[in-house]
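To start, the structure under review is shown below, and the notes come after it.
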Number of protein chains: 2
Amino acid sequence: MAAKILIVEDEPAISEMIEVALVRANFEVIKAEDAEEAMRLLGDTQPALVLLDWMLPGASGMEFARRIKKEELTSHIPIIMLTAKGGESDKINGLDAGADDYITKPFSPRELIARIKAVLRRTSPQVADETIEVDGLVLDTASHRIMVNDESLELGPTEYRLLHFFMTHPERVYSRSQLLDRVWGSNVYVEERTVDVHIRRLRKALTPSGHERYVQTVRSAGYRFSTRV
Amino acid sequence: MAAKILIVEDEPAISEMIEVALVRANFEVIKAEDAEEAMRLLGDTQPALVLLDWMLPGASGMEFARRIKKEELTSHIPIIMLTAKGGESDKINGLDAGADDYITKPFSPRELIARIKAVLRRTSPQVADETIEVDGLVLDTASHRIMVNDESLELGPTEYRLLHFFMTHPERVYSRSQLLDRVWGSNVYVEERTVDVHIRRLRKALTPSGHERYVQTVRSAGYRFSTRV
DNA sequence: CCGCCATGTCATATGGCTGTAACAATTGTT
DNA sequence: AACAATTGTTACAGCCATATGACATGGCGG
């Protein structure tokens, strides 16, 4: 299996208990004690799933889940919430910001593993698609690389993310602010015009192979990635 | 989908939670924190639906709903009320004020999306759908594009909006001033005759495929989009 | 510590879009 | 038929959105 699981839990006792259970089930475990540390580890380690304690010091679990789900970079990562049982659960239902499942404490390791596997099974089909191809333009998420006619194409990180977003969401217009939310991340403040510049850089990189024609401007609406020209 | 939803909610946490859910469902989100701001945004942005918190600072949600439904320009916009859980009386009051549906907190994102789609389907079947088709003329709101016989058709922004409005409101006459309100937006001042010019431009674009015959002049009344010629 | 790379912002260029006015054409009325 | 009212059509000037190149900054590795 070797799938990485990120545990976000401030209580060491619980976190360790979970770790033992997961290691026995052959998962790889990464631990964070608060939302900030978790956020940092998210980008670095690209876990397959996040186990998130509802009660965290500082930013709440909900806040953290919201951040994960809002950003294109991490929104595909499933979240399982760990909640204390009680009247709180109502609130969770209402304020759920995108958790894929919940487990109320106390829970058995067996149940935890079962839930994790269930969620991974449910979401894995998306993860399985490691490469996307459009007319000779190949984006390989595994190697984090773009190929055109067996030639590797150099892209800056932002342009890579932009192209990745476009290729996974083709035939659809996105406004500059939508692109900022989904490619840059929601809690970033940048000028909308910045999108133009990165579109330009992306087009420049795609021009030698002629693929820049797929990156289309939709005046007064935004940009679109479309194979129809 | 690309339909715009106006959220009127003073509590940032809730409003943001809703935003995340809607963005994930590919809606475009506009937010207002009070009735006044909402009223201003209503005219400018012409949202497809309003999500309205029952409890608002200042003017109550109910009063705001009344205002929306009272004015010619906005009365067609459906409203979904967000209410703290309560008795039947709230429901009755809400529906009485003109709400098309209501949801009691706490609610799940899934339920919210489902209700929104249901209301949109009910009130304007065409908005909820990704594409509208009339006799080979296809308007795809997701990609913001017009297709005729697999050929993409070039339209300026205003002509696109005009055609979109017509295709979602066929078989009915609209005066120039109504068109200005609904297509241009309420607080813009332009000459009524400007409509003629854009009608002309739209017809010109539709002529090669013969679809210009659907854009019909109704003398001394306005224009109509009709499939009956 | 230096230099390179990535990024975001600004200034400017460019081209398309828009509204308006003027004139032509059509329709309706007497 | 003459006239009035309404609509069609075209040209154009200003404006606005986008494209593009240049630059300052800051991070990171050497």
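Values in this document were obtained by computation on a predicted structure and should not be read as measured data. Note on naming: letters A, B, ... go to the chains in the order of the sequence lines (proteins, then strands), and numbering restarts at 1 for each one.
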Sequence-distant partners of [X], salt bridge (Lys or Arg N to Asp or Glu O under 4.0 Å), two or more places apart:
{"X": "A:Glu19", "value": "A:Lys31"}
{"X": "A:Arg213", "value": "A:Asp135"}
{"X": "B:Asp44", "value": "none"}
{"X": "A:Glu171", "value": "B:Arg145"}

Quiz prompt | Residue list, side chain to side chain donor-acceptor pair (under 3.5 Å) with A:Arg176, at least two apart or on another chain | solution =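 A:Arg176 satisfies side chain to side chain donor-acceptor pair (under 3.5 Å) with A:Asp196, A:Tyr223 once adjacent residues are dropped.
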Quiz item: Listed by chain and number, what are the side chain to side chain donor-acceptor pair (under 3.5 Å) partners of A:Arg161, not counting sequence neighbours?
Solution: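 None.
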Quiz prompt | Those residues that, when tested against B:Arg182, pass side chain to side chain contact (heavy atoms under 4.5 Å, CB included) (two or more places apart) | solution =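 Counting only residues at least two positions away or on another chain, B:Arg182 forms a side chain to side chain contact (heavy atoms under 4.5 Å, CB included) with B:His76, B:Phe165, B:His169.
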Exercise. Could you pull out all residues at least two apart from B:Glu37 that satisfy side chain to side chain contact (heavy atoms under 4.5 Å, CB included)?
Key: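 B:Glu37 satisfies side chain to side chain contact (heavy atoms under 4.5 Å, CB included) with B:Ala32, B:Glu33, B:Asp34, B:Arg40, B:Leu41 once adjacent residues are dropped.
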Quiz item: What are the residues of residues 212-227 of chain B, sorted by number, that bring a heavy atom to within less than 4.0 Å of DNA chain D?
Solution: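 Heavy-atom cutoff 4.0 Å gives B:Thr217, B:Val218, B:Arg219, B:Ser220, B:Ala221, B:Tyr223.
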Self-check item: Span of DNA chain D, from the first to the last nucleotide whose atoms fall under 4.0 Å of chain B heavy atoms
Solution: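 In short, chain B contacts DNA chain D from D:dA5 to D:dA11.
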Quiz item: According to the side chain to side chain donor-acceptor pair (under 3.5 Å) rule, which pairs have a member within residues 146-156 of chain B, sequence neighbours left out?
Solution: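 For residues 146-156 of chain B, and leaving out neighbouring residues, there are no side chain to side chain donor-acceptor pair (under 3.5 Å) pairs at all.
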Write down the protein N/O and nucleotide N/O pairs, taken from nucleotides 4-8 of chain C, whose separation is under 3.5 Å; answer none if there are no such pairs.
unit_1 : atom_1 : unit_2   : atom_2 : d
C:dT7  : OP1    : A:Thr158 : N      : 3.1
C:dT7  : OP1    : A:Thr158 : OG1    : 2.5
C:dT7  : O5'    : A:Thr158 : OG1    : 3.3
C:dG8  : OP1    : A:Trp184 : NE1    : 3.2
C:dG8  : OP2    : A:Trp184 : NE1    : 3.3
C:dG8  : OP2    : A:His198 : NE2    : 2.7
C:dG8  : N7     : A:Arg201 : NH1    : 3.3
C:dG8  : N7     : A:Arg201 : NH2    : 3.4
C:dG8  : O6     : A:Arg201 : NH2    : 2.7

